[in-house]
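Bear in mind that the values here come from a model prediction, so they are computed numbers and not experimental data. Side chains included, hydrogens not; waters and symmetry mates left out as well; all remaining heavy atoms used. Chain letters run A, B, ... following the sequence lines, proteins first and then strands; every chain starts at 1.
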2 protein chains.
Amino acid sequence: MTNSEENYIKEIYKLSLINSNHVTTNEIAYELSTKPPSVSDMLKKLSKKKLINYEKYKGVNLTSKGQNLAIYLTRKHRLWEFFLVNCLKYNWDEVHNIAEQLEHVKSEDLINRLDKFLGFPKIDPHGEPIPDINGVFNYLDSKSLDNLGINNIGKVVGVKTDDTDFLKYLDKINISIGSKLKIIDINKFDQSFEIEIKNQVRNISFDVAKNILILC
Amino acid sequence: MTNSEENYIKEIYKLSLINSNHVTTNEIAYELSTKPPSVSDMLKKLSKKKLINYEKYKGVNLTSKGQNLAIYLTRKHRLWEFFLVNCLKYNWDEVHNIAEQLEHVKSEDLINRLDKFLGFPKIDPHGEPIPDINGVFNYLDSKSLDNLGINNIGKVVGVKTDDTDFLKYLDKINISIGSKLKIIDINKFDQSFEIEIKNQVRNISFDVAKNILILC
DNA sequence: ATTAATTTTTAGTCTAATCTAATTATTTTT
DNA sequence: AAAAATAATTAGATTAGACTAAAAATTAAT
Ligand SMILES: [Mn+2]
Ligand SMILES: [Mn+2]
Ligand SMILES: [Mn+2]
Ligand SMILES: [Mn+2]
């Protein structure tokens, strides 16, 4: 397994959660900042390794072997992120890129020891569940903020992306995991949300709202 | 900087400590388990980057830029080894290969935070000094065991290789960092050493003796 | 049902890192 | 000083992963 193959598998996994298991070449290319011909090449290779189901022109999804691998890579990524925030005192917006490197270190034993050292954490710094040694994990019963209505109250339990700019923005407007907030109003024109958080009223765009996970 | 370039720089550094700054193509190839033509290619590349001084057929040594890089890579390698042994409870014979991977993670900040998290250790699990953030480090005033004479007494303060088989063997014969030992006899035929350690007399080969560092 | 637009794949090129086989330099022996 | 042995380099191939440009398949519009 090369790093590149692993990155493709992780990305296909991520996209298939959004697109109900049907992932296209162009999507993968866009997300990995590569070009469609590179993706086509890689899909052939992953298909030959039985990690994906692939028919030319028909899109792609993971086999169960591919899915297990994706979950294992996700486990590694999130455990390293947990380590970076909790041990090395990184902020949650700084860890994704380093974890992208650390996740490719090859040693199952290393990850299981790291897991133990960290106290078998269940949730990463962005509120995402960390698969255990058997690949088992549970999502909280949360919704993204854009699904809430006026006067709804909830608690932030996670984010859907760990993009640095997005997380820095949340820091700036004082939203973090655990924050309680209330929907004051929804702007009919641009779907932006007026929310109350820590006794301050703020406006956030629909795009931002979509990426915040709330438990009511 | 690719991983491969980094591995060559580290190896040239290691060899130039032994061979007083004159490193040959074949040596590098042998140590990196690669072939001389691959080394020749890489030497050209490293030379173009001003990391080594290289003249065809004349061997090679590091520029000061290359040396700084080598020391930085050594710092990363040894800090990760310290982490693996002291946090993840690995045995000293298990950590080298994992550290070979971790050392290539690109983030200076990560290493400086790791250093702080570990309490700025000065010595790695094999008794080797860990360069600080400025690349400064000190060797103990130790000699390898083969330089001692009969009846000399000393304490093991380090090893010269972190080869798994070598370290496993030391574990088996009860030698670890801190062990006190005494030279009982030296076999004139094969230069093997008879030593007393923890009230037991053992025989070790010249090759093993050469790789054990002693402080008298 | 054609035509047009979009998506995906193929064809061919490039770079990094490796290899084997052949050639050239250097060093050692005679 | 010439021959032999050793060491290092060049030549040419290969593999992984990426790219551009061109072709083919699919989907959307008229
Ligand atoms: Mn992440
Ligand atoms: Mn990655
Ligand atoms: Mn090591
Ligand atoms: Mn390495």
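- Contact annotation: A/Tyr8 reaches the phosphate of D/dA18 (side-chain N/O to OP1 or OP2, under 4.0 Å).
- Look at NZ on B/Lys35: it is 18 Å from C1' on D/dA11, rounded to the nearest Å.
- Counting heavy atoms from C-beta outward, B/Ile130 and B/Glu81 have side chains that stay 4.5 Å or more apart.
- Salt bridge annotation for A/Lys10-A/Glu31: absent, with no cationic side-chain nitrogen under 4.0 angstrom from a carboxylate oxygen.
- Residue A/Ser38 has a polar side-chain atom (N or O) positioned under 4.0 Å from OP1 or OP2 of D/dC19.
- Counting only heavy atoms from C-beta outward, the side chains of A/Leu145 and A/Ile204 approach each other to under 4.5 Å.
- Of the possible donor and acceptor atoms, none in the side chain of A/Thr24 sits under 3.5 Å from a partner among the backbone N and O of A/Gly59.
- The phosphate of C/dT18 (OP1 or OP2) has a side-chain N or O of B/Ser4 nearer than 4.0 angstrom.
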Every protein N/O within reach of nucleotides 6-10 of chain D N/O, cut-off under 3.5 Å:
residue: D/dA8; atom: OP2; partner: B/Asn26; partner atom: N; Å: 3.0
residue: D/dA8; atom: OP2; partner: B/Asn26; partner atom: OD1; Å: 3.2
residue: D/dA8; atom: OP2; partner: B/Asn26; partner atom: ND2; Å: 3.3
residue: D/dT9; atom: OP1; partner: B/Tyr54; partner atom: OH; Å: 2.3
residue: D/dT9; atom: OP1; partner: B/Tyr57; partner atom: N; Å: 3.2
residue: D/dT9; atom: OP2; partner: B/Thr25; partner atom: OG1; Å: 3.1
residue: D/dT9; atom: OP2; partner: B/Ser40; partner atom: OG; Å: 2.5
residue: D/dT9; atom: O5'; partner: B/Ser40; partner atom: OG; Å: 3.4
residue: D/dT9; atom: O4'; partner: B/Tyr57; partner atom: OH; Å: 3.3
residue: D/dT10; atom: OP1; partner: B/Lys56; partner atom: NZ; Å: 2.4
residue: D/dT10; atom: OP2; partner: B/Lys44; partner atom: NZ; Å: 2.6

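- For the pair B/Asn3 CG and D/dA16 C1', the computed distance is 15 Å after rounding to whole Å.
- The distance between atom NZ of A/Lys48 and atom P of D/dT15, rounded to the nearest whole Å, is 11 Å.
- Side chains of A/His77 and A/Asp124: a donor-acceptor N/O pair is absent below 3.5 angstrom, by distance only.
- A donor atom on one side chain and an acceptor atom on the other are not found under 3.5 Å apart for B/Asn19 and B/Lys14.
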